Number of protein chains: 2
Amino acid sequence: MSDTAPVILVIEDEPQIRRFLRATLGSQGYTLLEATTAQEGLSEAASHPPDIVLLDLGLPDMDGLEVVQRLREWTTVPIIIISARGQEHDKVAGLDAGADDYLTKPFGVAELMARVRVAMRHANRTLNDGADSVFKTGDLEVDLAHRNVRVGEKEIRLTPIEFKLLGLLVKHAGKVLTHRQILKEVWGPNYAEESHYLRVFVHQLRHKLEADPAKPKYLVTEAGVGYRLRTE
Amino acid sequence: MSDTAPVILVIEDEPQIRRFLRATLGSQGYTLLEATTAQEGLSEAASHPPDIVLLDLGLPDMDGLEVVQRLREWTTVPIIIISARGQEHDKVAGLDAGADDYLTKPFGVAELMARVRVAMRHANRTLNDGADSVFKTGDLEVDLAHRNVRVGEKEIRLTPIEFKLLGLLVKHAGKVLTHRQILKEVWGPNYAEESHYLRVFVHQLRHKLEADPAKPKYLVTEAGVGYRLRTE
DNA sequence: ACCGGGCATTAAAATGTTGTTAAGAAGGTG
DNA sequence: CACCTTCTTAACAACATTTTAATGCCCGGT
């Protein structure tokens, strides 16, 4: 299985810092996406939704705070601001705009890495409060933290998108998610109307998870609305 | 959204800083719990679970990291460390032990408040899916947010229009809604006169919800006027 | 008791949504 | 570069919901 490494999007115009981040984060097993302008960063985030965003406030083409706001219109991905501006009011503005953390340059690698780990914890902490993070219903068992899925005794292999889709359903188990909600979360906001993607992947998931894919027990259709993962 | 003020537990031995936090946080509408030792802090957290913990690492009776670990054994409450130790390895250790943020003394009030707000955002997000309002009357249970409906133990599946219609009735439970009101809300303003639509769907709803559809208990007809969802 | 107007019931046609399949493109890996 | 997996795309089949229409029922007024 191509071990799905967490994806970090770096939006930063200074090549030196990008190189530095590429080296340190890359060596820790993260996959890096890079953008050198705000525009590029926003569209990159939309087309390849990352697990974490590292954002430099001092971009040439747009105010960093606006970038935060634009991201927050559709995603709750952790945003860590990296900025040369260390004034308190800058930090407050950044955090209140929706960022999750704020690091002032120059910063230490170790601290950055630790704060990235905190962000990963938050991202992975699904909506179940403190309880064990394995979801069970019937024969189906989904361990979000360890990224594995079982039906009965059998381990199920899922592709990245399949897992993301199932993960989303698990996080909102019992609740109906609309096609648009799912598409925006899994594929990114540009795909909100591409509901045929969803059909294909729901089909594949059922094929892997359901005893009788034609009569799904877990991943049920709410016709005209969306899909739902049934709880017992 | 609880109507009660968020509770912040401050574990800090220096009276000055406690006083300072009491003043600033208190004036922002937070309720403060205070503990001056690690022991006290741990038992306070256990007996009155707070929404956020502010933890000083330099406590007299126990290492701050151990406090974090002990808390993390049972709670995911946001922990913000406040410490005089500003060395990078201290921060890394604190964050990796399970803290969510790390502020070095001396810190600005505004930044602390902003980071508390970030923590509150995180804490609230986990609750969002849980307890929305579910409407109940007799055996009927309607959860608008999750979009599901039950009668007794049995899950009822509704089509989009059926659900919209029932949802409207739930939102105005107990009140009579005229045919025109319902038609305008559910089908749109151009359908205000098409009352036969309504009859068909009321019939279908009753068929799915009522024990005896001919003698409706929940969805009752107000002859000459409209329909009403009966409350108990 | 009869009539009429609103209401309930039913079912088939029309419309819209979802499921299925397969082939080709893209991406990653050795 | 050649392999493999995964993703995208498209076309068609299967299904569910909504609309439409026709019929029968109940109740109050005369």
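Just so we're on the same page: letters track the sequence lines, and every chain starts at 1. Fair warning: this is a prediction, and the values are worked out from it, not measured in the lab.
Using a cutoff of 4.0 Å between basic side-chain nitrogens and carboxylate oxygens, B:D100 and B:R72 are scored as salt-bridged. In summary, A:E111 and B:K91 engage in a salt bridge, as defined by a charged side-chain N under 4.0 Å from a carboxylate O. Between B:D143 and A:K175 there is no salt bridge, since no side-chain nitrogen of the basic residue lies less than 4.0 Å from a carboxylate oxygen of the acidic one.
For the salt bridge (charged side-chain N to carboxylate O under 4.0 Å, His left out) condition, the pairs that include at least one residue of residues 205-222 of chain B, sequence neighbours left out, are B:E162-B:K208, B:E222-B:R228. Residues in residues 180-190 of chain A take part in these salt bridge (charged side-chain N to carboxylate O under 4.0 Å, His left out) pairs, two or more places apart or across chains: A:R180-A:E193.
Put simply, A:W187 has no side-chain N or O that comes within less than 4.0 Å of OP1 or OP2 on D:dC7. Taking only side-chain nitrogens and oxygens, B:Y197 comes nearer than 4.0 Å to OP1 or OP2 of D:dT20.
Atom CD of B:E162 and atom C1' of D:dA16 are 11 Å apart (whole Å). In this structure, B:F201 places its CZ atom 11 Å from P of D:dT20, rounding to the nearest Å. A:K215 has its NZ atom 12 Å from the C1' atom of D:dA14, to the nearest Å. Atom NZ of B:K164 is separated from atom P of D:dT17 by 16 Å (rounded to the nearest Å). The separation between B:L165 atom CG and D:dT19 atom C1' is 16 Å, rounded to whole Å. Rounding to whole angstrom units, CG of residue A:L158 and P of D:dC7 are separated by 10 Å. Here D:dT18 presents its C1' atom at 10 Å from OH of B:Y191, a figure rounded to the nearest Å. Atom-to-atom, CD1 of B:I161 to P of D:dT18 comes out at 4 Å; the value is rounded to the nearest Å.
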So if I define the base as every atom that isn't primed, P, OP1 or OP2, how would nucleotides 8-22 of chain C read as a B/S/- string at a heavy-atom cutoff under 4.0 Å? BBB------SBBBB-
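In this structure, B:F135 has no ring-ring contact (aromatic ring centres under 6.0 Å, His included) partners at least two apart in sequence or on a different chain. Listed by chain and number, the residues in a ring-ring contact (aromatic ring centres under 6.0 Å, His included) with B:F201 are B:W187 (sequence neighbours excluded).
Axis angle, first five pairs versus last five pairs of the helix from C:dA1-D:dT30 to C:dG30-D:dC1: 30°, rounded to 10°.
Using a distance-only test at 3.5 Å, with no hydrogens or angles considered, no donor-acceptor pair links the side chain of B:T221 to the main chain of B:A223. In terms of modelled atom types and a separation under 3.5 Å, the side chain of A:Q28 and the main chain of A:Y30 share no donor-acceptor contact.
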